[in-house]
Amino acid sequence: MSKFLKGTMILMAAIFITKILGFVNRMVVARIIGEEGVGLFMMVFPTFILVVTITQFGLPVAISRSIAAADASGDTAKMKRILAVSLAITGGLSLIFTPCLIWMAPYLSKVLFTDPRTYYPLVAIAPVIPVIAISSVLRGYFQGRQNMKPAAVSQIIEQLVRIFLIYILAKKFLPYGVEYAAAGAMAATALGELASLVYLLMMFKISKTFRIRRRFFTSIHSGKETFRELMEVALPSTGSRMVGSLSWFFEPIVVTQSLAIAGITAAVATKEYGILTGYALPVMFLPSFVTLALSTSLVPAISEAYTKKHYQTLEHRVQEALRFCLVTGGLAVLLLYLYAEPLMYFMYNSENGARFIQLMAPFFLFYYYQGPLQAVLQALNLANAAMINSLIGAAVKLAVIFAFASQQQFGIYGAALGMACGILLVTLLHLAVVFKTISMTVDMRQYGKFLVVLFLTLMGSHWINQSFLSGQHSAQSLVAGLGITAIIYSVLSILFGLITKSDLTRLPFVKVK
């Protein structure tokens, strides 16, 4: 098994475990603090992500790419300079923006969010910003060296600590008010990140081939060229993430104002938006563990092939990544569409949000493509193009939300349609740039086979569900339905050649003669 594939499989397994643990977190939080507490959490979270985006400055991707190139040429001194410069940048920014967030918390909570209770979650999450800044540098270092295990294990540690502490802190502070319980959940998130950082520091100390503290400031002063190299990728990458963060920041504001124009009260709008973003969207994001792992591994792998001018290897990896997204994304869309109601009932003891999943699930096939495509663009020094595509998609998303959500016949569904349009547009723009740069061809037969497999699986699963599992909401019937659909889809994918014999031989538990 190649280093690239092995790293992808490790990350995939770890991110899957992390996603599952993350859902345990969400279920615990939802059941303890309820929809109102989740609403407070979701109002604060975009602000936190915006500050983290500014603090990281797009460096994780830049570090991964630069470390991969330096490691390929055996330049240990350059790797040290990359780490020193990166730590100086992220550390300095975190020391500036953490106090700023705490200082602005009263204004943000009372004026922007119009709910003073959001002050407590804002203050509770602020101290984690420096921790995330250092962790992002170390994760970029390990990923650049195509050693995915430390980053993978650290994410699992973070989630385990978070689950344990969320249950304790949220329940402990709930008697004092839902805002204190939400703050307790945020504090648990911060402590989980701290545990993750401790593990990464231990692994770095064990595996490093140089001493980072020795002549640390000398490495910073002599790293002007390294700084410029990092900024070439970091600045456009920051712009791309900043567009997404700002879009997310303004999204609830646009939705609320649009629904007000449509005559929907603020209380109803907040509840509906909470169901959409706090319940339905996380379920649809869950299958992205596959493409997220692939995206993380693609940056150093594509960068290495591009640096060495191995263009055949480069094209092969991109084509394989796209096929991988198609097969795994297709299964995810089927499972989400067919089992939206039982999934929501199992996770939240309520079917609220199932209608959003069934509306948006087909569009999320394009979302599962988006991460790997953006990773390819960044590895090919096309982060500027990714930023422009994200900007166009964000503008169109907000415009569509306003146009449809402000009409009473659409309401909150207008917001869902706007999000779906943004996903579709950004993915298609990314795909166009990648195909133009690498001059790749599209195998239309493959997509034709995919549509046939999708249709046959949908019909077969629907018949089985109607005949044997109709009206059942038990965990056993849900697992049975998911398993039957996955088996039908996998068998048909093998028969139609979407999953090849070569793919099966790479699985450690499958032996193909």
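All of these numbers come straight from a predicted model, not from anything done at the bench.
- With a 4.5 Å cut-off on side-chain heavy atoms, Tyr367 and Met284 do not count as touching.
- Partner of Ser196 under the side-chain hydrogen bond (donor to acceptor under 3.5 Å, both in side chains) criterion, chosen from Gln159, Arg139, Glu158: Arg139.
- A heavy-atom distance below 4.5 Å is not found between the side chains of Tyr339 and Val283.
- Contacts of Thr427 classified as side-chain hydrogen bond (donor to acceptor under 3.5 Å, both in side chains), with partners at least two apart in sequence or in another chain: Gln370.
- Under the side-chain hydrogen bond (donor to acceptor under 3.5 Å, both in side chains) criterion, Tyr413 pairs with Arg355, sequence neighbours left out.
- Side-chain atoms of Tyr141 and Ser64 include no donor-acceptor pair closer than 3.5 Å.
- Contacts of Phe48 classified as ring-ring contact (aromatic ring centres under 6.0 Å, His included), with partners at least two apart in sequence or in another chain: Phe45.
- Of the possible donor and acceptor atoms, none in the side chain of Arg162 sits under 3.5 Å from a partner among the backbone N and O of Leu191.
- Between Leu373 and Leu377 the shortest side-chain heavy-atom distance does not fall below 4.5 Å.
- Between Ile129 and Leu101 the shortest side-chain heavy-atom distance falls below 4.5 Å.
- With sequence neighbours excluded, no residue satisfies side-chain hydrogen bond (donor to acceptor under 3.5 Å, both in side chains) with Thr189.
- Rounding to the nearest 0.5 angstrom, the gap separating the CG atom in Asn389 from the CG atom in Leu425 is 8.0 Å.
- Between Arg323 and Leu498 the shortest side-chain heavy-atom distance does not fall below 4.5 Å.
- The aromatic rings of Phe450 and Tyr489 sit perpendicular to each other, their planes meeting at more than 60°, with 30° as the lower class boundary.
- Side-chain contact check for Leu276 versus Met360: some heavy-atom pair is nearer than 4.5 Å.
- By the ring-ring contact (aromatic ring centres under 6.0 Å, His included) test, Phe410 pairs with Phe404, sequence neighbours left out.
- When the side-chain hydrogen bond (donor to acceptor under 3.5 Å, both in side chains) test is applied to Ser94, no partner is found at least two apart in sequence or on another chain.
- Contact between Lys397 and Gly418 at its shortest, heavy atoms only, is CG-O, 3.2 Å.
- Contact annotation: the side chain of Ile488 approaches that of Ser461 to within less than 4.5 Å [non-hydrogen atoms, C-beta and beyond].
- Across every non-hydrogen atom of Cys325 and Leu365, the tightest pair is O-CD1, 4.4 Å.
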